[in-house]
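Below: the structure, in structure tokens.
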Amino acid sequence: GGSGGVLNAVTKSGTNSFHGNGFYFLRDAKRDTASYFDQDGVPPFHRDQRGFTVGGPIKKNNTFFFLGFENLKESKDRTTTINVPGADLRNGITPTGTVTVHPTSAALMAAMPLPNGRVESNGIGEYTYEDSTNVDEVYWMAKVDHRFGANDSVFLRYTRDTASNETPLPFPGFAVTAETTGQFFIGEWTKVLSSRWLNTARFSVNSSDVEMTNVAEGIDPSLSFIDGKVGAQLVVPGLSSWGDRGFDDRAYWLTPYQAS
């Protein structure tokens, strides 16, 4: 079993003076070094991360605003090594003798690249290549605080986070793309009742949307269980799994409400 947890986070508020800041973070492959597996040098890599915050008064001593923005863009290649059938296995030549290759098995092996590295005695070889991961995320937040008096105050906050990314799977051509949108709204009223009593009322609405898509580029349509996609994974001992996630495109929507 496991235990849950409660996390309280406080968002900065505006004041009677205007204040703000900005930032920019850059990283690219020029500052990286190649690993042992990077046969062609350092793989391409680029990350941009930028943002700002600004806050101040709408009406001095009563109403204030605070805004925040952040954008992350990243494109990263990585060196990946997978196990594929060598030329002998494709022709039915195994360590224990020669066998007849079924046409379906031949078609599946033909969809896999030939080894470009060492080949073991069992006929399985290594194929090394570069795949790419791409991320684009935009986050922003807006908050307004208002004081009705010394003992009454409210705030409203809206947050939006959108992201898209593409995650490669083993074997060139296979990937999963995801598009996500999160929206979060909260309102809070705080009233001081006395020197000993304080009342806080909150209401929130959160919305999360996720869309996932299988990508199968350059794959023989005759190997697809779902139009345009393979819709399955082929798992053979000693070989890397070939195929996509094994499901059709899907989407999730979740909108919880909370009052306290």
Side-chain angles (χ1 to χ4, degrees), residues 1-27 47-74 76 133-167 176-213 250-260:
S3 60
V6 176
L7 175 65
N8 290 322
V10 178
T11 304
K12 190 175 180 180
S13 299
T15 64
N16 276 329
S17 301
F18 288 99
H19 293 283
N21 62 68
F23 63 90
Y24 179 72
F25 175 77
L26 170 66
R27 180 183 168 191
R47 175 190 290 166
D48 276 311
Q49 194 169 359
R50 68 196 77 191
F52 69 86
T53 63
V54 62
I58 297 176
K59 182 178 180 182
K60 283 197 171 183
N61 300 318
N62 289 101
T63 309
F64 313 91
F65 76 94
F66 185 79
L67 300 174
F69 170 84
E70 183 174 350
N71 177 223
L72 169 65
K73 291 186 177 182
E74 179 178 294
K76 181 179 181 180
T133 300
N134 298 288
V135 177
D136 188 358
E137 183 173 8
V138 176
Y139 167 90
W140 65 274
M141 180 274 298
K143 183 184 180 186
V144 174
D145 294 83
H146 180 73
R147 296 174 184 171
F148 294 103
N151 297 328
D152 278 285
S153 63
V154 298
F155 81 76
L156 300 174
R157 185 181 69 222
Y158 175 74
T159 305
R160 182 181 178 91
D161 186 2
T162 59
S164 62
N165 65 76
E166 182 174 343
T167 303
V176 174
T177 63
E179 302 284 340
T180 63
T181 300
Q183 299 183 84
F184 313 95
F185 173 81
I186 183 172
E188 179 180 292
W189 171 43
T190 301
K191 183 175 180 62
V192 179
L193 301 176
S194 69
S195 60
R196 299 178 58 190
W197 294 93
L198 175 72
N199 181 69
T200 300
R202 298 187 185 94
F203 177 76
S204 66
V205 181
N206 301 327
S207 173
S208 299
D209 300 341
V210 179
E211 297 183 10
M212 300 178 65
T213 305
R250 56 183 59 183
Y252 305 90
W253 296 276
L254 180 66
T255 307
Y257 299 82
Q258 185 176 19
S260 62

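Scope of the values below: all heavy atoms of this structure, side chains included, with no hydrogens, waters or symmetry mates. Count residues from 1 along the sequence.
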Output every pair passing salt bridge (Lys or Arg N to Asp or Glu O under 4.0 Å) with a member in [range], not counting sequence neighbours, ordered by first then second residue.
range            : value
residues 251-260 : none
residues 47-58   : R47-E74, D48-R50
residues 185-204 : D152-K191, E188-R202

Spatial distance of atom [atom1] ([X]) from atom [atom2] ([Y]) [nearest 0.5 Å]:
X    : Y    : atom1 : atom2 : value
W253 : S208 : CH2   : OG    : 13.0 Å
T63  : D145 : OG1   : CG    : 9.0 Å
F23  : Q49  : CZ    : CD    : 6.0 Å
D209 : T180 : CG    : OG1   : 9.0 Å
F185 : T159 : CZ    : OG1   : 10.5 Å
T15  : K60  : OG1   : NZ    : 9.5 Å

Any residue meeting side-chain hydrogen bond (donor to acceptor under 3.5 Å, both in side chains) with [X], in chain and number order, not counting sequence neighbours:
X    : value
S164 : none
E137 : none
Y252 : R250
Q183 : Y158, R160

| Listed partners of R27 passing salt bridge (Lys or Arg N to Asp or Glu O under 4.0 Å), at least two apart | D32
Go through the structure and list residues passing ring-ring contact (aromatic ring centres under 6.0 Å, His included) with [X], not counting sequence neighbours.
X    : answer
W189 : none
F148 : H146
Y139 : none
F18  : none

| field | Worked verdict on F64 versus R147 for side chain to side chain contact (heavy atoms under 4.5 Å, CB included) | value | CA-CA 9 Å; F64 313 91; R147 296 174 184 171; 4.2 Å; yes
| task | Verify side chain to side chain contact (heavy atoms under 4.5 Å, CB included) between N71 and W140, making sure each step is shown before the conclusion. | result | CA-CA 9 Å; N71 177 223; W140 65 274; over 6 Å; no
| Heavy atoms, side chains only, cut-off 4.5 Å: are N165 and T133 in contact? | no
| message | Please determine whether side chain to side chain contact (heavy atoms under 4.5 Å, CB included) holds for the pair F65 and V54, giving the CA-CA distance in whole Å, both sets of side-chain angles, and the decisive distance to 0.1 Å. | response | CA-CA 8 Å; F65 76 94; V54 62; 4.3 Å; yes
| Heavy-atom count around Y257 OH within 6.0 Å, excluding the residue itself: above 12? | no
| request: Under the side chain to side chain contact (heavy atoms under 4.5 Å, CB included) rule, what do F66 and M141 come out as? Steps first, then yes or no, please. | output: CA-CA 8 Å; F66 185 79; M141 180 274 298; 3.5 Å; yes
